[in-house]
Amino acid sequence: MKPKISIIVPVYNVELYLVQCIESILAQTITDYEVLLVNDGSTDRSGEICDEFVVRDNRINVIHKKNGGLSSARNEGIKKATGDYVGFVDGDDRLDPEMYKKLYQICVDTDSDIGICKLGREVNGKLINDSNEIYILRR
């Protein structure tokens with residue numbers, strides 16, 4: 001069955017953050033998604049970490065490719081995506097557990113193609129610019 005969301009994570013030398021990133025995706029309250037980890041030629045342990053998560057959850061797929069930059073990695077993920085919607089997460093991001101559930105539901109409820117949410121930044125262990133606002137773009 002086709003997933004509701006394909007979550008694409010370009011990965012390049014983010015071994016210090018990648019485990020938390022992937023775990024925050026796996027903690028999403030919506031569960032009908034696939035995760036495409038696109039290892040863009042990392043020279044640290046990022047590729048190995050991606051491979052470790054594949055055996056933990058069957059929703060995760062890894063694409064290993066030669067380094068081509070962020071856009072190249074995202075485009076490779078898009079080629080393999082099978083979901084109704086596509087989401088992008090950077091390898092050093094952490095997600096609120098409700099993020100994709102809210103984004104998906106607002107897009108469905110409003111017949112929108114794109115949902116955008118604000119972000120918060122962590123500085124010295126403190127979250128700033130925290131917001132739960134979601135924006136939609138209609139066709």
Original post:
Does the side chain of D51 come under 3.5 Å of the side chain of H64 through a donor N or O and an acceptor N or O?
Top reply: yes
Original post:
Are E76 and K66 within salt-bridge range, i.e. N to O under 4.0 Å?
Top reply: no
Original post:
Once you round to the nearest 0.5 Å, how far does NZ of K102 lie from SG of C107?
Top reply: 14.0 Å
**OP:** Taking N13 for its side chain and S42 for its backbone only, find out whether a donor-acceptor pair lies under 3.5 Å.
**Re:** no
Subject >> Pair N75-S72, side-chain donor/acceptor within less than 3.5 Å >> reply: no
Original post:
Are the aromatic ring centres of Y33 and Y100 under 6.0 angstrom apart?
Top reply: no
Original post:
From L95 CG over to I22 CD1, what is the distance, rounded to the nearest 0.5 angstrom?
Top reply: 11.0 Å
Subject >> Derivation of the salt bridge (Lys or Arg N to Asp or Glu O under 4.0 Å) call for D90 and R74 >> reply: CA-CA 10 Å; D90 289 338; R74 285 184 175 166; 3.1 Å; yes
Subject >> Check against side chain to side chain contact (heavy atoms under 4.5 Å, CB included), Q105 and E98 >> reply: CA-CA 11 Å; Q105 196 58 56; E98 295 278 314; over 6 Å; no
**OP:** Look at D32 together with K2 and state whether they make a salt bridge at an N to O cut-off of under 4.0 Å.
**Re:** no
**OP:** Begin with the C-alpha distance, continue with both residues' side-chain angles, and end with the deciding distance and a verdict on side chain to side chain donor-acceptor pair (under 3.5 Å) for S6 and K80.
**Re:** CA-CA 9 Å; S6 295; K80 306 285 187 195; over 6 Å; no
Original post:
Are V89 and C21 close enough, and set up right, to give a side chain to side chain contact (heavy atoms under 4.5 Å, CB included), and what steps lead you there?
Top reply: CA-CA 8 Å; V89 175; C21 173; 3.7 Å; yes
Original post:
How many angstroms lie between OG in S112 and OH in Y104, if you round to the nearest 0.5 Å?
Top reply: 12.5 Å
Original post:
Would you find a donor on one side and an acceptor on the other, under 3.5 Å apart, between the side chain of Q28 and the backbone of D96?
Top reply: yes
Subject >> Residues clustered with V38, ILVMFWY side-chain links under 4.5 angstrom >> reply: I8, L36, I63, I78, V86, F88
Original post:
Is I5 reachable from V9 through a run of hydrophobic residues whose side-chain heavy atoms are each under 4.5 Å from the next?
Top reply: yes
**OP:** Please examine the side chains of D57 and F53, heavy atoms only from C-beta on, and report whether any two atoms are closer than 4.5 Å.
**Re:** no
Subject >> Any donor-acceptor pair under 3.5 Å from E34 side chain to N61 backbone >> reply: no
Original post:
Of all heavy-atom pairs between E52 and V55, which one has the smallest distance, and what is that distance?
Top reply: O-CG2, 3.0 Å
**OP:** Treat each ILVMFWY residue as a node, draw an edge where side-chain heavy atoms are under 4.5 Å apart, and state whether L18 and Y12 are in one component.
**Re:** no
**OP:** Treating Ile, Leu, Val, Met, Phe, Trp and Tyr as nodes and any side-chain heavy-atom pair under 4.5 angstrom as an edge, say whether I60 and V14 lie in one connected cluster.
**Re:** yes
**OP:** To the nearest 0.5 Å, tell me how far K4 NZ sits from I30 CD1.
**Re:** 5.0 Å
**OP:** Output the distance between atom OH (Y17) and atom CG (D93), rounded to the nearest 0.5 Å.
**Re:** 11.5 Å
**OP:** Please round to the nearest 0.5 Å and tell me the distance separating atom CG of D40 and atom CG of N67.
**Re:** 4.5 Å
Original post:
Are any of the side-chain heavy atoms of P3 and R59 separated by less than 4.5 Å?
Top reply: no
Original post:
Applying the 4.5 Å side-chain criterion to the ILVMFWY set and letting contacts propagate, would V54 and V19 be lumped into a single cluster?
Top reply: yes
Original post:
How about L103 and C117: do any of their side-chain heavy atoms sit closer than 4.5 Å?
Top reply: yes
Subject >> Audit row: E15, I49, side chain to side chain contact (heavy atoms under 4.5 Å, CB included) steps and yes/no >> reply: CA-CA 7 Å; E15 72 176 310; I49 293 168; 3.8 Å; yes
